[in-house]
Amino acid sequence: MRWSHAFIPTLRDDPADAEAVSHKLLVRAGYMRQLMAGVYSMLPLGQRVRSKVMNIIREEIDAIGGQEFMLPQLHPKEIWDRTGRSETMADIMMTFTDNKGAEVVLGPTHEEIFATVSLELTSYKQLPQLWYHIQTKFRDEARPKSGLLRVREFTMKDSYTFDLDFEGLDAQFDRHYGAYVRIFERLGMSAIAVHASSGAMGGKESVEFMVESDVGEDDVAHCAKCGYAANVEKATSAVPPIEDPSGSSEVERFPTPGVRTIAELASFDGGAAPDRQIKTLVYLLNDEITLVLLRGDHVLQEQKLMDVTRTTKARPAQPDEIKALLGADAGSLGAVGVEGVRILADEGLRGRTSMTTGANENDWHVRGVDIDRDIAVTEWVDVREVTDGEACPECGSPLRVFQAIEVGHIFKLGTFYAETLGVTVLDKDGKTIPIVMGSYGIGVERNMAASVEANHDDRGIIWPIEIAPYHVVVTVLRPDDERSIEVSSKIYDDLAVAGVEVLLDDRDERPGVKFNDAELIGIPYRITIGPRGIDNGVVEFVERRSGETREIPIDAIVAEVAALVI
RNA sequence: CGGGCUGUGGCGCAGUCAGGCAGCGCACUGGUCUGGGGGACCAGGGGUCGCCGGUUCAAAUCCGGCCAGCCCGACCA
């Protein structure tokens with residue numbers, strides 16, 4: 001491609017509405033333009049990268065036995081009604097009514113649709129299967145952000161496996177795991193696999209692939225020593241036991257005027273340190289009012305609460321609901337003596353004595369609370385959010401908690417879809433059994449952006465060679481110089497013949513402009529051709545990432561570059 | 001959905017408080033010079049000031065409504 005004829009609209013300034021590095025760079029370097037919130041047009045460079053990302057994914061999924069399909073984006077809402085997901089995913093589902101009056105869904109994902117196709121599977125002899133497609137998804141995210149990282153229309157490779165039993169599922173899951181690891185490597189990212197909450201998917205087990213980034217939307221707890229890794233929505237840690245002073249024989253009420261927070265009670269004369277307090281939260285779990293008890297210095301992880309209680313809808317109680325239940329405002333709540341209400345206590349409180357908590361009367365607290373003796377705990381649960389520096393639950397080393405981008409997510413779905421949609425086969429004994437499913441997603445554009453987040457410097461993008469829009473840019477310093485034209489045209493043609501993807505910068509621009517543009521758009525290698533070098537029979541060869549520069553004889557450059565990139 | 005901010009030429013912005021010629025930088029077109037890190041000079045083209053309505057002799061500017069985008073939070077396979 002000749003740059004003089006290419007549409008590569010680079011910008012000197014960062015776009016005003018971008019925050020994330022990948023967002024700024026992909027717009028500035030002419031890869032994409034925004035059309036509306038969470039919707040982007042891919043320009044030629046962007047489309048080249050996107051298509052290379054898709055090809056890498058395709059290669060790796062084909063390599064584990066995948067069969068590529070292309071399922072529709074338009075779905076009858078009725079199918080989604082059958083699995084109940086038109087309810088559970090209602091807030092992100094794009095729907096419209098067609099001219100006949102039928103309700104239509106723009107597919108946010110394709111479990112239902114692949115499962116519908118799989119209805120034609122009838123015998124155990126046809127299993128296992130691994131089906132996938134790379135298709136546009138629509139999700140009406142309440143808040144699109146960070147360029148390609150969170151959008152409303154995007155491309156996803158989603159694969160689905162169909163097995164006779166859970167052993168088969170495990171094997172397909174493991175193969176996907178391996179394929180995903182290879183994909184992220186080829187995209188130039190170090191992704192770590194973490195245990196995750198399956199959320200709305202309803203699966204029994206899922207693994208997320210996470211790339212550390214300060215624009216990531218998830219928090220991950222990771223142990224560098226033993227490799228333990230989990231989304232904080234699921235992570236646990238080892239809490240060092242606390243020696244309580246020998247218990248008092250009874251609960252004692254005491255006045256605490258104006259005290260409403262853990263911190264205030266900690267500094268109150270006669271109060272207690274945060275780790276010697278019981279924090280009482282009031283929640284509605286699927287509309288059932290519930291007390292959730294935590295150590296004063298611990299933080300509730302709402303997703304863990306929802307998972308452990310199998311709740312689909314959870315919210316903190318409103319102030320008036322709290323008052324009606326316990327007779328006091330938040331800040332003076334306690335579970336001592338409370339009966340007839342579900343009381344969940346975090347494991348961090350197990351066996352604690354001589355604790356301090358609210359008295360359910362404003363401006364009063366109680367101390368000397370012995371949990372086993374004084375509180376009617378319904379269930380002990382682990383609902384505490386892990387924080388940075390706590391001990392790894394596996395090996396005891398300090399955990400690091402960091403932000404990360406979710407670049408892939410694989411689920412063991414089990415038989416939910418098979419059962420609700422009636423996907424069954426006959427086994428060896430002629431018995432009807434539901435198919436065991438898995439689903440495996442990876443967002444194409446999000447991975448593009450995540451790769452930029454992981455591969456850039458202050459001059460621009462540094463693409464990994466496999467997804468760079470071009471392998472090499474040939475920069476002609478003096479397009480008005482005949483010898484320069486001759487030499488560069490020959491190198492350009494020979495590289496192309498050798499299978500190297502090359503961009504020829506033949507624009508009538510100052511050298512500085514060309515160098516800056518080449519570095520901004522992130523082409524891995526640059527060949528610089530100028531009269532000075534030609535006099536000596538050489539061209540200059542620069543590696544984008546290291547900046548390392550060498551002079552190479554004109555007649556050797558093509559072979560040299562071809563050996564590097566092919 | 002709650003809170004905050006912003007819509008002025010392709011991009012980045014000033015002008016709005018205090019109503020009175022629509023500006024600046026970059027980019028773009030033609031030309032001269034220049035030529036190894038966003039060069040200089042000369043001459044140009046391009047804007048319903050987000051939309052609708054109101055106030056006024058006069059509205060980018062004041063008032064009302066709406067729309068859009070960004071950020072924080074809520075939410076989120």
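So that the names make sense, note that chain A is the first sequence line, chain B the second, and so on, each numbered from 1.
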Protein-proximity profile, nucleotides 40-47 of chain B, B/S/- by nucleotide at the 4.0 Å heavy-atom cutoff, equals --------
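- Under a cutoff of 6.0 Å and an axis angle of 45°, A:Lys137 and A:Phe154 do not form a cation-pi pair.
- Checking the phosphate oxygens (OP1, OP2) of B:C70, a side-chain nitrogen or oxygen of A:Gln34 falls inside 4.0 Å.
- Looking at residues two or more places apart in sequence or on another chain, you find no salt bridge (Lys or Arg N to Asp or Glu O under 4.0 Å) involving A:Arg510.
- Comparing atom distances between the A:Glu302 side chain and each of B:G36, B:C75, B:G69 picks out B:C75 as nearest.
- A heavy atom lying under 4.0 Å from RNA chain B marks the following residues of residues 470-487 of chain A, by number: A:Leu477, A:Arg478, A:Asp480.
- Of the residues near RNA chain B, A:Pro15 and A:Arg459, the one whose nearest nucleotide (by heavy atom distance) lies more toward the 5' end is A:Pro15.
- Distances were taken from every side-chain heavy atom of A:Pro511 (C-beta onward) to each of B:G36, B:C72, B:A27; the shortest belongs to B:G36.
- Of the residues in residues 513-525 of chain A, those lying under 4.0 Å from RNA chain B by heavy-atom distance are A:Val513, A:Phe515, A:Asn516, A:Asp517, A:Glu519.
- For A:Arg510 and B:G37, the shortest distance from a side-chain N or O to OP1 or OP2 is not below 4.0 Å.
- Listed by chain and number, the residues in a ring pair (Phe, Tyr, Trp, His ring centres under 6.0 Å) with A:Tyr160 are A:Phe114 (sequence neighbours excluded).
- A search for ring pair (Phe, Tyr, Trp, His ring centres under 6.0 Å) contacts involving A:Trp3 returns nothing, not counting sequence neighbours.
- Residue A:Asp508 places a side-chain atom within donor-acceptor reach of the base of B:G35, judged by atom type and a 3.5 Å distance cut-off alone.
- Comparing A:Ala16 and A:Met36 by the nucleotide of RNA chain B whose heavy atom lies nearest to each, the residue mapping closer to the 5' end is A:Ala16.
- Here the nucleotide nearest the side chain of A:Ala37, chosen from B:G69, B:C72, B:A77, is B:G69.
- The existence of a salt bridge linking A:Asp517 and A:Arg28 is excluded, since no basic side-chain nitrogen approaches an acidic carboxylate oxygen closer than 4.0 Å.
- In the set B:A77, B:G69, B:A74, B:A77 carries the atom at the smallest distance from any side-chain atom of A:Met89.
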